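A, B, ... follow the sequence lines: proteins, then strands. Residue 1 opens every chain. Basis for what follows: all heavy atoms, side chains included, without hydrogens, waters or symmetry-related copies. Since we're looking at a predicted model, the values are computed, not measured.
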Protein chains: 2
Amino acid sequence: MMGPHWWYNRFRGWGYRLTIPRQAILEILSKSDKHLSAEEIYLEVHKEYPSIGLATIYRTLELLVQMGIVNKFDFGDGRARYELAEDSKGPKHHHHLICNVCGRVIDYRDFSEEEKNFFESLERNLSQRYNFEIKNHQVMFYGICDKCKGK
Amino acid sequence: MMGPHWWYNRFRGWGYRLTIPRQAILEILSKSDKHLSAEEIYLEVHKEYPSIGLATIYRTLELLVQMGIVNKFDFGDGRARYELAEDSKGPKHHHHLICNVCGRVIDYRDFSEEEKNFFESLERNLSQRYNFEIKNHQVMFYGICDKCKGK
DNA sequence: ATCGCAAATGAGAATCATTCTCAATTGAGA
DNA sequence: TCTCAATTGAGAATGATTCTCATTTGCGAT
Ligand SMILES: [Mn+2]
Ligand SMILES: [Mn+2]
Ligand SMILES: [Zn+2]
Ligand SMILES: [Zn+2]
């Protein structure tokens with residue numbers, strides 16, 4: 001239900017092993033509230049486990065994305081960024097505002113009830129209309145952030 | 001208002017030149033209804049203008065994205081994909097359904113009035129809430145397409 | 001607790017989309 | 001037509017991600 005247990009069962013359910021490197025990576029991801037790149041994760045993991053290689057970071061992230069534990073994003077800075085999709089308290093779903101000028105990424109999760117309901121019903125509608133099973137979605141708004149507006 | 005005229009004025013407005021390579025690229029983009037990669041555009045352009053190089057394709061696409069004439073997407077296949085943002089008839093805005101299994105990308109632009117209104121009011125709301133000037137947005141739904149559902 | 005083996009890993013090489021460099025070309029105002 | 005900054009082509013350089021393969025490890029079965 002929480003922490004390691006939860007991960008452990010999830011891995012077993014998929015027939016995967018819960019190894020040290022995988023735990024270390026999940027540990028880092030769950031401690032951070034940022035959008036980490038593979039290399040940033042590698043550097044963090046490396047502090048505790050210097051023997052874990054970058055290739056394992058990439059392989060593990062790919063796995064976690066497949067399992068739906070982690071979300072992968074492209075914010076346009078030339079590298080993929082990763083975020084835990086949920087924590088012990090439940091999903092951390094949110095949308096993004098991305099500044100075209102400075103590249104800043106703002107998370108917003110203060111959804112209105114209306115917004116929440118809208119996306120739910122939209123997903124149901126699309127699933128039917130296109131016979132497409134929707135697992136998740138990403139919403140990004142592009143523009144100019146407050147800091148960059150002042151010229 | 002349409003075709004070359006429109007592009008020409010747009011370029012002049014930004015202080016850019018409307019050159020042969022730029023026209024050739026816009027020509028290809030406006031003829032296609034697909035999500036083209038830089039290389040695919042290069043190959044098409046190359047048929048008509050063999051002397052135009054790949055670097056110019058990248059440079060031009062970057063410019064067109066800046067100008068808001070072209071939208072850039074990452075559908076997860078390791079290369080950026082480009083689409084004309086608008087044509088002579090107006091904006092071609094739409095959202096995407098992306099299959100996690102086969103990678104297929106489905107455009108949908110048959111928005112309901114409700115959906116259209118929702119995004120408009122959401123953008124106004126977010127602009128105010130975050131003092132963020134929104135220029136455009138991208139919405140992607142991930143899941144399993146009809147073809148891949150039948151196992 | 002030990003064994004056997006497929007799954008997972010580390011290190012480094014290989015890929016490959018994208019960006020950079022720089023000399024040559026070109027568009028548009030004067 | 002003349003001038004010069006903007007643009008381009010070719011190829012090298014970059015850098016994130018993937019691949020290879022020998023070695024290690026988790027875990028079910030003994
Ligand atoms: Mn986020
Ligand atoms: Mn599209
Ligand atoms: Zn900004
Ligand atoms: Zn599919």
Side-chain angles (χ1 to χ4, degrees), chain A residues 4-5 7-28 35-43 45-67 69-70 72-82 103, chain B residues 4-5 7-28 35-43 45-67 69-70 72-82 103:
Chain A
H5 282 198
W7 301 336
Y8 184 72
N9 292 327
R10 200 75 100 92
F11 271 82
R12 297 209 54 201
W14 282 74
Y16 298 135
R17 298 180 188 169
L18 182 52
T19 61
I20 304 288
R22 289 171 181 177
Q23 291 185 65
I25 290 166
L26 280 166
E27 207 61 56
I28 295 304
H35 309 101
L36 300 172
S37 67
E39 188 171 17
E40 286 167 350
I41 294 168
Y42 168 72
L43 291 173
V45 165
H46 191 264
K47 291 177 184 168
E48 191 89 22
Y49 302 92
S51 69
I52 295 178
L54 181 55
T56 297
I57 308 291
Y58 276 104
R59 282 186 292 234
T60 301
L61 287 170
E62 187 186 359
L63 206 67
L64 293 171
V65 169
Q66 293 252 36
M67 296 167 70
I69 293 177
V70 162
K72 180 178 184 177
F73 298 96
D74 171 26
F75 294 134
D77 66 341
R79 70 204 63 196
R81 304 244 159 215
Y82 303 86
Chain B
H5 282 195
W7 300 337
Y8 183 72
N9 292 326
R10 196 75 100 108
F11 271 82
R12 298 210 52 201
W14 282 74
Y16 298 136
R17 298 180 187 167
L18 181 52
T19 61
I20 302 289
R22 289 170 182 178
Q23 291 185 62
I25 291 166
L26 280 166
E27 206 61 57
I28 295 304
H35 310 100
L36 299 172
S37 68
E39 189 173 16
E40 286 167 351
I41 294 167
Y42 168 71
L43 291 174
V45 165
H46 192 266
K47 291 179 187 169
E48 191 88 22
Y49 301 93
S51 70
I52 296 177
L54 182 55
T56 297
I57 307 291
Y58 276 105
R59 280 186 294 233
T60 300
L61 288 170
E62 186 186 1
L63 206 67
L64 292 170
V65 169
Q66 285 228 96
M67 297 167 70
I69 293 178
V70 162
K72 180 179 183 176
F73 298 96
D74 171 25
F75 294 133
D77 66 341
R79 68 204 64 198
R81 302 244 160 216
Y82 302 86

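A residue-by-residue look at B:Ser37 and A:Leu63 shows that A:Leu63 has its nearest nucleotide of DNA chain C further toward the 5' end. Between B:Glu62 and A:Tyr16, the residue anchored nearer the 5' end of DNA chain C, judged by the nucleotide with its closest heavy atom, is A:Tyr16. Summary of the strand contacts: B:Arg22 and B:Tyr42 both lie near DNA chain D, and taking for each the nucleotide with the nearest heavy atom, the more 5' one is attributed to B:Arg22.
For B:Tyr42, the ring pair (Phe, Tyr, Trp, His ring centres under 6.0 Å) partners two or more places apart in sequence, or in a different chain, are B:His46. Under the ring pair (Phe, Tyr, Trp, His ring centres under 6.0 Å) criterion, B:Phe73 pairs with B:Phe75, B:His96, not counting sequence neighbours. B:Phe11 pairs by the ring pair (Phe, Tyr, Trp, His ring centres under 6.0 Å) definition with nothing, not counting sequence neighbours. Listed by chain and number, the residues in a salt bridge (charged side-chain N to carboxylate O under 4.0 Å, His left out) with A:Arg10 are A:Glu86 (sequence neighbours excluded). Checked against side-chain hydrogen bond (donor to acceptor under 3.5 Å, both in side chains), B:Arg12 has no partners two or more places apart in sequence or in another chain. Evaluation of the side-chain hydrogen bond (donor to acceptor under 3.5 Å, both in side chains) rule for A:Arg81 yields A:Glu40, A:Asp77 as partners, not counting sequence neighbours. The side chain to side chain contact (heavy atoms under 4.5 Å, CB included) check on B:Ile28 picks up B:Leu36, B:Glu44, B:Val45, with sequence neighbours excluded. Residues passing the side chain to side chain contact (heavy atoms under 4.5 Å, CB included) test with A:Val65 are A:Val70, A:Lys72, A:Tyr82, sequence neighbours excluded.
The stretch residues 47-60 of chain B touches DNA chain D through B:Ser51, B:Ile52, B:Gly53, B:Ala55, B:Thr56, B:Arg59, each having a heavy atom under 4.0 angstrom from the strand.
When DNA chain C is scanned in the 5' to 3' direction for atoms under 4.0 Å from non-hydrogen atoms of chain A, the outermost contacting nucleotides are C:dA6 to C:dG12.
Overall, the helix from C:dA1-D:dT30 to C:dA30-D:dT1 carries an axis bend of 50° between its ends, with five pairs at each end and the value rounded to 10°.
Among the heavy atoms of the strands lying under 4.0 Å from A:Arg79 are primed sugar atoms or P, OP1, OP2 only; no base atom is included.
A:Phe73 has its CZ atom 15 Å from the P atom of D:dT17, to the nearest Å. The OH-C1' distance, from A:Tyr82 to D:dT17, rounds to 8 Å in whole Å.
Judged purely by atom type and a 3.5 angstrom limit, B:Arg22 uses its side chain to pair as donor or acceptor with the backbone of B:Arg17.
Side-chain atoms of B:Glu27 and B:Trp7, non-hydrogen and from C-beta on, do get closer than 4.5 Å to each other.
For the side chain to side chain donor-acceptor pair (under 3.5 Å) condition, the pairs that include at least one residue of residues 51-61 of chain A, sequence neighbours left out, are A:Thr56-A:Arg59.
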